[in-house]
Trainee: 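Take a look at this one; I'll ask things after.
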Amino acid sequence: MNTTPPPPRHVTSTTASDRPRSDQVEPQVDATRRAPAAGERALVLGGGGSTGNAWLIGVISGLFDAGLDVTEADLVIGTSAGATAAAQITSATPTELLDAVLAAAPQRRTGPGGPDGGRASYGPVADHLERTSRIIAAAEDAADMRRRMGAAALEVDAASDGSGHTRWRTTVAARLPGQRWPEQAVHITVVDAHTGEPVVFDRHSGVDLVDAVAASTAGGPPYRIGDHLYIDGGYRSVENADLAAGYGRVLVLSPLGGRSRHPREWGTHLAAQVERLRAGGSRVETIVPDSTAEHLFGANAMDPSLRPPAARAGHDQGRALAEQLTGFWR
């Protein structure tokens, strides 16, 4: 049995605009993949819902405050909540982002998200987890699971009036300090809802940054870009750390602590991805929430009132780990 998740296709467009209109883009597949140069650094930001996003910002700002700026990575890979964080850290300073989380007015708790609590869209979180757990249990393998997840999302989309796409894009856009792709390499992971095929968006894809992030956080109904519908990138893997293959140093931030609901034999767990990266010559370090912060994630991942404590917990961890990671990163 092949336990290695399939590589996503990179989507490119015939246009070169930094901000194309999403309803005009017709993505094309570019099968070529960039060969990373030796010694490059990759930062991997995993999914984890609203609190996971806050924790990611906290860790990065804690490292930054202690003198280690990981936002200067040669490649940033973002999945679901990590996709939002990837777009945020490349358009604002870690300090600004942390201050915004801590200063935000309390909000009501929202609904469920994707495999990691990404997009809040329908039904209670527990119901969503139960529904997706049944799909995972029935699937023959990871590819079958992604196709089933896509089909379930398409059913939700067919029963809607389509207005949710516009509302979700507005919500995502409000979370991003900047809405243009940075020159820095940022890869946003999604899954094609029709085929279950993993996809990576970057600044060469002809897809607006807001749309890429909105698609990566589409854990309930799918998100439309042109004629295509996409679901949460976490349905491939919560972290997608294996996409950093070839980079000399890989730092992985995983709000869910490397856990996955997928069977281990599928090879999508973070531990399996780290093992493959190291076998390929990469040095890898991971940061996960400490035991005192675990209650902030999982079933509580979409509770916005927990974002400040999650960010503070991450900040404390970042500051504590900065000295240890400096030699590795620099």
Side-chain angles (χ1 to χ4, degrees), residues 43-61 71 76-92 94 97-98 100-101 104 107 109-121 125 128-129 132 168 171-177 186-191 201 209-220 223 230-241 243 252-261 270 286-289 293-294 296-311 313-315 317-318:
L43 175 64
V44 177
L45 305 178
S50 181
T51 58
N53 171 263
W55 179 82
L56 290 168
I57 290 171
V59 172
I60 293 168
S61 65
T71 68
V76 181
I77 297 170
T79 297
S80 198
T84 305
Q88 290 169 325
I89 66 170
T90 52
S91 56
L97 295 171
L98 178 65
V101 173
Q107 304 173 29
R109 182 180 176 128
T110 54
D116 62 336
R119 176 181 180 183
S121 302
V125 173
H128 180 76
L129 292 174
T132 53
W168 185 238
T171 296
V172 170
R175 295 172 177 171
L176 306 185
V186 174
H187 289 179
I188 303 298
T189 65
V190 300
V191 170
F201 290 131
L209 177 62
V210 175
D211 290 309
V213 174
S216 188
T217 52
Y223 183 78
Y230 299 98
I231 56 174
D232 200 301
Y235 287 124
R236 178 184 185 271
S237 164
V238 174
E239 295 85 13
N240 290 297
L243 301 185
V252 184
L253 275 58
S254 174
L256 294 187
R259 295 185 298 275
S260 171
R261 292 184 289 152
L270 178 58
T286 62
I287 303 178
V288 302
E294 288 181 347
L296 300 172
F297 308 100
N300 293 321
M302 297 311 296
D303 186 344
S305 70
L306 297 180
R307 280 177 57 80
H315 186 269
Q317 278 191 266

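Residue indices begin at 1 and follow the sequence shown.
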Trainee: Quick check: closest heavy atoms across Thr132 and Leu129, and the distance to 0.1 Å?
Mentor: OG1-O, 3.2 Å

Trainee: Would the distance check show the side chain of Ser216 and the main-chain N or O of Thr189 forming a donor-acceptor pair, the cut-off being under 3.5 Å?
Mentor: yes

Trainee: Is there a donor-acceptor contact under 3.5 Å from the side chain of Tyr235 to the main chain of Gly219?
Mentor: yes

Trainee: Which heavy atom of Gly48 sits nearest to which heavy atom of Ala81, and what is that distance?
Mentor: N-CB, 3.7 Å

Trainee: Within the side chain of Thr90, is there an N or O that forms a donor-acceptor pair under 3.5 Å with the backbone of Ala86?
Mentor: yes

Trainee: Tell me the closest heavy-atom pair linking Ala87 and Leu176, and the distance in Å.
Mentor: CB-CD2, 3.8 Å

Trainee: If only side-chain N and O atoms count, and only distance matters, is there a donor-acceptor pair under 3.5 Å linking Asn53 with Thr84?
Mentor: no

Trainee: Just do the side chain to side chain contact (heavy atoms under 4.5 Å, CB included) check on Tyr230 and Asp211 with the steps written out, would you?
Mentor: CA-CA 10 Å; Tyr230 299 98; Asp211 290 309; over 6 Å; no

Trainee: Check Asn240, Asp232, Thr217 against Thr79 for a side chain to side chain donor-acceptor pair (under 3.5 Å) and give me the one that passes.
Mentor: Asn240

Trainee: Please evaluate residues Arg259 and Val288 with respect to the criterion side chain to side chain contact (heavy atoms under 4.5 Å, CB included), reporting the C-alpha separation (whole Å), side-chain torsions for both, the decisive distance (0.1 Å), and the verdict.
Mentor: CA-CA 10 Å; Arg259 295 185 298 275; Val288 302; over 6 Å; no

Trainee: Treating Glu239 as the side-chain partner and Leu256 as the backbone partner, does any N or O pair qualify as donor plus acceptor under 3.5 Å?
Mentor: no

Trainee: Test your reading of the model: is there a side-chain donor-acceptor pair from Gln88 to the backbone of Arg175, 3.5 Å cut-off?
Mentor: yes

Trainee: At their closest point, which heavy atom of Val210 faces which heavy atom of Val172, and how far apart are they?
Mentor: O-CG1, 3.9 Å

Trainee: What distance separates Leu56 CG from Leu45 CG, expressed to the nearest 0.5 Å?
Mentor: 5.5 Å

Trainee: For a quick test of reading the model, state the closest non-hydrogen atom pair linking Ser50 to Pro304 and the distance between them.
Mentor: OG-CA, 4.4 Å

Trainee: Take His315 and Val101, measure what side chain to side chain contact (heavy atoms under 4.5 Å, CB included) needs, and give me the verdict at the end.
Mentor: CA-CA 12 Å; His315 186 269; Val101 173; over 6 Å; no

Trainee: Counting C-beta onward and ignoring hydrogens, is there a side-chain heavy-atom pair between Ile60 and Leu97 closer than 4.5 Å?
Mentor: no

Trainee: Quick check: closest heavy atoms across Ala313 and Trp55, and the distance to 0.1 Å?
Mentor: C-CD1, 4.4 Å

Trainee: Taking the side chain from Thr51 and the backbone from Leu296, do they hold a donor-acceptor pair closer than 3.5 Å?
Mentor: yes

Trainee: Run the numbers on Val238 and Leu270 for side chain to side chain contact (heavy atoms under 4.5 Å, CB included), then give the verdict.
Mentor: CA-CA 8 Å; Val238 174; Leu270 178 58; over 6 Å; no

